[in-house]
Amino acid sequence: MINKDEFVNELLGKMTLAEKIGQMSQFAGRGGIPHDLADDIRHGKVGSILNEVGVDLLNEIQRIAVEESRLGIPLIIGRDVIHGYQTVFPIPLGQAASWNPSIIREGARVAAVEAASDGVNWTFAPMIDVTRDARWGRIAESLGEDPYLASKLGVAMVEGFQGDDLSKEGHIAACAKHFAGYGYSEAGRDYAYVNISESELRNVAFPPFKACADAGVATFMSAFSDINGVPSTANDFLLRKVLRDEWNYKGFVVSDWDSVIQLITHGFAEHDREAAMHAANAGVDMEMASHTYLAHLEELIEEGKVNEEDINSSVKHILSVKYDLGLFEKPYTNASSFPEKGNNNHLAAAKEAAIQSCVLLKNDHQVLPLKKENLKNVAVIGPLADDKHEQMGTWVFDGKAEWCQTPLQAIRKELGDDVNIRYARGLETSRTKNRDGFAEALAIAAESETIIMFMGEESILSGEAHCRADIDLPGVQNELLEEISKLGKQTILVILAGRPLTLEQTQHYVNSMIFAWHPGTMGGPAISDILFGKVAPSGKLPVSFPRMVGQIPIYYNHRNSGKPATYETFTYIDHIPTRAGQTSTGNTSFHLDAGFEPLYPFGFGLTYTHFHYHHLRLSSHEMPVDGSIEVFAELTNSGSREAVEIAQLYIRDQVGSITRPVKELKGFQRVHLQPGETKTIVFHLKASDLAFYNRTMQHVVEPGHFDLWVGGSSNGDLHTNFTVR
Ligand code: BGC
């Protein structure tokens, strides 16, 4: 049997230059098969199609490529399958709150099976841009602010999409995007420029990409951003030096949508031809949407401005992925060999993901879980209580809104006829400023003992190009909450949103608060199970929640500064005496009006029981520079019901050749405990986990003293030290 390299080299040997460039060109679907597209496929000008759906249509498109083009090379067919296909899972940031790689792997597996049954064989996920900016709409698609968490979860997503063998039915190629630094878009404004040091790139932005490359992700996508003056799509440092030379990556790189032609808009290329030249020379193997490669690469090669060897490499990368997908042997999709989309197993997986993504932010006097037997009159209020579309979130092209089960439906089902449930939308949308619905909402609230509010952001307020400069609850939602709070009833707020919101004001209006993100198809039953205590919440924040938007970027793993803030040195604006003289002595790094801490820290999340961490100990307080230690702690469920805790391990490298973060996540695990039960949790910490890129960009473990914390959030519960020798 001939192996992949032989197969690819042999095929490459038969290809004309034009056919090679065709493989490097991805065409946007236009619905159906227009004549010119069919002709382009026949003439070998198309390597890939994106955003076209329907199994019959895709099989026909594939047939033209396989049967009517000279070499019969099948197409790779891409689609944004970001958090589910027709069965919608929570947005990625919500899934990240599960801190559970198996949940993410399963979500991607279900999405892959459903998408593959429609003829899709490549998704543009996971998005593993580390971001510390909740204004940025695409934070919804991300796995949060931490490189370690995003690495573990990103790899799980790749494994879910790709399985152990890409050629097996129901497995699709994944895409690590957007390489790199896109999450640092200035001011959280999408597509804006990125100013980022090489140190920050290597120590924070790259690790999830490196982890996915090591896990065999089939493709990478370059970012839209101008990074330090060189757009990612023309950035040979990123795409050649780091990705190919240092990481030895073998998959292919696709540009983002029109990002090659946008090199002109950036002011980096004068015209299409120059854009094609920069992108090809930087190492973009496939051009998405725009067609500068088709128009100019041949000529650029003739002129010696682009090297044909680089083109051969690009084509090899692309053909290799097609080979791995088994497309040369089996280009067509037989939909009938797949399980039905939206089947009960898929819905159950989506429900479990939604449950595990919910984060309990506040629960005064244990208002939650609600005890059914104590309920008589319940008011369900809010624009997101019963809106199938809005609970699906951003990046949903194929999701079936009609399959969604809303919170109101689920609460009705759970409580049956024994409880009087009154419902008012209160506000037409999350962002409306129209208060006409207040009266009805207040009236039903007045008639009820328990009020459950569903507020937040509608789907379109987050996602690509949907950034916000104010991240409070939009519209007049806080006003409605305030009015309702004046009734003095037991009030629970469930927030559905695509990003962290500033909840400083909101939190005071309610007794309990659950952050459910955009939870997808099964959001309703998942939230209902948590409200009524069928399951205890276990989610933890994958990103810090600021008090005020002006604190952004605020994240747990920042560096220390020379004057770090403390409670003793913090002065609140109202406490400064009038006509105080200017002084900086003894002052530290904080905002007069917001302090120095987020409202809810990274890793935070409550549940219905109490967890107690104790007896932290290490196998040794000395770690050889190439060795490891075991970290042990006892975790007791000292409350009265079973629950899952996500135990977290953090370290701090006290002194480095570059200043190091005040905390870094280095391990986490989900621990299930019965009431009264104690388990020993064990983390294996390797010296290599402590490595970072130093001033000369060497990846090093530096000897020295380290802090270590184990606990239920980035605030840590238990602390000790160790030394690397
Ligand atoms: C986005 C990508 C996406 C692509 C294809 C672009 O606008 O930035 O993340 O995969 O479109 O739809």
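Counting starts at 1 for both ligands and their atoms, following the listed order. What you see is a predicted model, and the numbers here were worked out from it, not measured in a lab. Excluded from the calculations below are hydrogen atoms, water molecules and symmetry mates; all remaining heavy atoms, backbone and side chain alike, are included.
For the pair Asp285/Phe220, no side-chain contact is recorded, criterion being any heavy-atom separation below 4.5 Å from C-beta on. Side-chain contact check for Ser48 versus Met286: some heavy-atom pair is nearer than 4.5 Å.
Near ligand 1, Leu50, Asn51, Asp80, Phe124, Arg138, Lys177, His178, Met221, Phe224, Asp256, Trp257, Met288, Trp395, Glu464 each place a heavy atom less than 4.0 angstrom from the ligand.
Residue Glu402 places its CD atom among more than 12 non-hydrogen atoms of other residues, nucleotides or ligands, all under 6.0 Å distant.
Between Tyr193 and His266, the distance from one ring center to the other does not fall under 6.0 angstrom.
Closest heavy-atom contact between Trp403 and Thr521: O-CG2, 3.4 Å.
Using the six-membered ring where Trp is involved, Tyr182 and Tyr191 have ring planes that are parallel, under 30° apart on the 30 and 60° scheme.
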